[in-house]
Amino acid sequence: MTDRTILLKNISELVTVTQSGERCKCGQGMQELGIISDGAVVTRGDAIAWVGRTSELPVELRDGADETIDCSGKTVLPGLVDCHTHFVFGGSREGEFAERCQGTSYAEIAAAGGGIKSSMWATRGASFEDLVDVGRTHLDQMLLLGTTTVEGKSGYGLDLETEVKMLSVMRELRDTHPTTVISTFLGAHAVPDGVSRSEYLSTVLEEMIPYVAEQRLAKFCDVFCDEGAFTVDESRFVLSHARQFGLTPKIHTDQFASIGGCGLAVEVGAISADHLDAIQPRDIDLLSAHDITGVLLPGCIVFLGLSKYAPARRMIDQELPIALATDFNPGSCNIRSLPIIMAIACTMMNLHPYEAIAACTLNAAYALGMSDQVGSIEAQKISESAVMA
Ligand SMILES: [Zn+2]
């Protein structure tokens, strides 16, 4: 029923986020959400056909809808966009959480064989079907919490076979789950045991990236560029190579230390730089000048028991478009809820609630190159909004 029409009317508070066709919000604009009282939305098939006040609804739309939903007393928001997650993985690391609660650090756990490598063994050992089931469970929960678009990364395989298995699981879920799933190749997440750094990077460059690009298994290529992870030079090799194969760069950087990842993001034309808890003021200007979205992941700070949040207020003052995401993963953040992430951003990073909503809708879509399709309630966009009580 591609032309089926649905009318949402008498919406007490219709939060469109924007009606002007802008692709992202920054500075003062993050507090302007285009809220319409007594609003109405008409969807036709998969697209939004009309947005405005219920009193101004054209008669043919009011009387001709196949289904009408009375939204009196309700707020309607765009579907939330989670633009940074690692939602496909094998195994569980809840034991590490208990260890951290008793004082063991994330680095100590990783050095003892836990962390990313623990997820690697569990993911290598899981079947395709098992990973689809686990991924579907996470997406179901996210959808219940209002998230309709989810980016997911590989990076727990660290060999060609398992990286491809993870990306294929995401493709299966994209085709069979109502959530929109966007895939990112993160082969350069860690170096697996038993091979040298240079050997592993050669595999990423010469085998994984060409195969992932040829099979169209991912839209983005990401790298963990930080102290204790990959260096700027190593990350440059990976991201510039990926760009040549048509994968858009993203970068995990400045989570623990500022080692030059923001400069590299500019150099390789990254669409976003993610984490940024340790960013330097000059790098905020740099990202802002090059229109690179800062994706902030405060759930990690909470989950790891840390205290230094990314300087979100300064970023907004310096007109950097910022997005918020869960970074949902088995080790450093087990939070699937963007509403909780928004609450953390408000209470711990001093975001205005409207800014937090902009950061989880239009700006998160911008970080995925999708803000012309999702992230606001505008005519012609995809109709996947979530109704919130
Ligand atoms: Zn991450």
Side-chain angles (χ1 to χ4, degrees), residues 78-97 114-116 118-158 162-186 189 217-220 222 250 252 274-275 295 297-300 302-304 323-344 360-361 364-365 367-368 370 374 384 386 388:
L80 302 177
V81 178
D82 199 343
C83 63
H84 181 139
T85 86
H86 308 250
F87 79 95
V88 173
F89 54 84
S92 164
R93 282 156 55 192
E94 78 265 17
E96 293 181 13
F97 182 74
I116 292 169
S118 148
S119 291
M120 179 198 78
W121 289 114
T123 305
R124 285 182 180 179
S127 69
F128 176 86
E129 290 75 18
D130 287 346
L131 291 176
V132 168
D133 284 347
V134 170
R136 192 184 305 284
T137 301
H138 297 319
L139 291 181
D140 286 345
Q141 291 293 317
M142 289 170 166
L143 191 58
L144 283 173
L145 294 159
T147 302
T148 50
T149 301
V150 175
E151 182 261 14
K153 302 176 195 294
S154 68
Y156 294 129
L158 308 183
T162 317
E163 289 291 305
V164 167
K165 180 170 67 177
M166 290 183 74
L167 293 168
S168 301
V169 165
M170 285 183 248
R171 179 158 67 185
E172 170 72 13
L173 290 167
R174 183 193 68 195
D175 292 343
T176 58
H177 195 275
T179 300
T180 300
V181 177
I182 309 298
S183 302
T184 297
F185 169 63
L186 177 59
H189 198 191
L217 284 167
K219 177 176 181 180
F220 302 106
D222 200 340
K250 280 179 166 284
H252 279 68
D274 301 30
H275 279 292
V295 176
L297 310 166
C300 278
V302 172
F303 213 78
L304 291 175
L324 288 165
T326 61
D327 196 15
F328 171 65
N329 73 78
S332 61
C333 185
N334 224 232
I335 300 169
R336 286 175 291 209
S337 165
L338 278 172
I340 288 179
I341 297 297
M342 287 192 270
I344 295 169
C360 287
T361 53
L368 298 177
M370 297 179 68
V374 296
E384 54 175 19
M388 310 288 274

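Proximity of H138 to V134: side-chain heavy atoms (C-beta onward) are separated by under 4.5 Å at one or more points. For the pair T148/T180, no side-chain contact is recorded, criterion being any heavy-atom separation below 4.5 Å from C-beta on. By the 4.5 Å heavy-atom criterion applied to side chains, P178 and L143 are counted as neighbours. The side-chain heavy atoms of S168 and L217, taken from C-beta on, include a pair separated by under 4.5 Å. Side chains of E151 and M370 form no contact here, defined as non-hydrogen atoms less than 4.5 Å apart.
Residues S119 and R93 have side chains that bring a donor and an acceptor to within less than 3.5 angstrom of each other. Side-chain contact check for H252 and H84: at least one donor-acceptor pair (N or O, by modelled atom type) lies under 3.5 Å. Side-chain atoms of H177 and D140 include a donor-acceptor pair closer than 3.5 Å.
For the atom pair T326 OG1 and F303 CZ, the distance stands at 11.5 Å (nearest 0.5 Å). Distance check: I182 CD1 to T85 OG1 gives 11.0 Å after rounding to the nearest 0.5 Å. D130 CG to D133 CG: the interatomic distance, rounded to the nearest 0.5 Å, is 6.5 Å. Interatomic distance, CE of M170 versus CG of L131, reported as 9.5 Å (0.5 Å rounding). Between the CD atom in E172 and the CD atom in E129 there is a gap of 9.0 Å [rounded to 0.5 Å]. Atom CG of L139 sits about 13.0 Å away from atom CZ of R174, to the nearest 0.5 Å.
For the pairing with D82, the side-chain contact (heavy atoms from CB on, under 4.5 Å) check across L324, T147, L368, T149 returns one residue only, T147. When the options T137, T179, V181, N329 are evaluated for a side-chain contact (heavy atoms from CB on, under 4.5 Å) with F87, the one that passes is V181. Only one option out of T184, D222, D327 pairs with K153 in a side-chain hydrogen bond (donor to acceptor under 3.5 Å, both in side chains); it is D222.
Summarising the geometry of M342 relative to C360, their closest heavy-atom pair is CG-SG, 3.5 Å, with the distance given to 0.1 Å. Scanning all heavy atoms of the two residues, the minimum distance from A367 to V295 falls at CB-CG2, 3.9 Å.
Classification of the Y156-F89 ring pair by plane angle, with boundaries at 30° and 60°, yields perpendicular.
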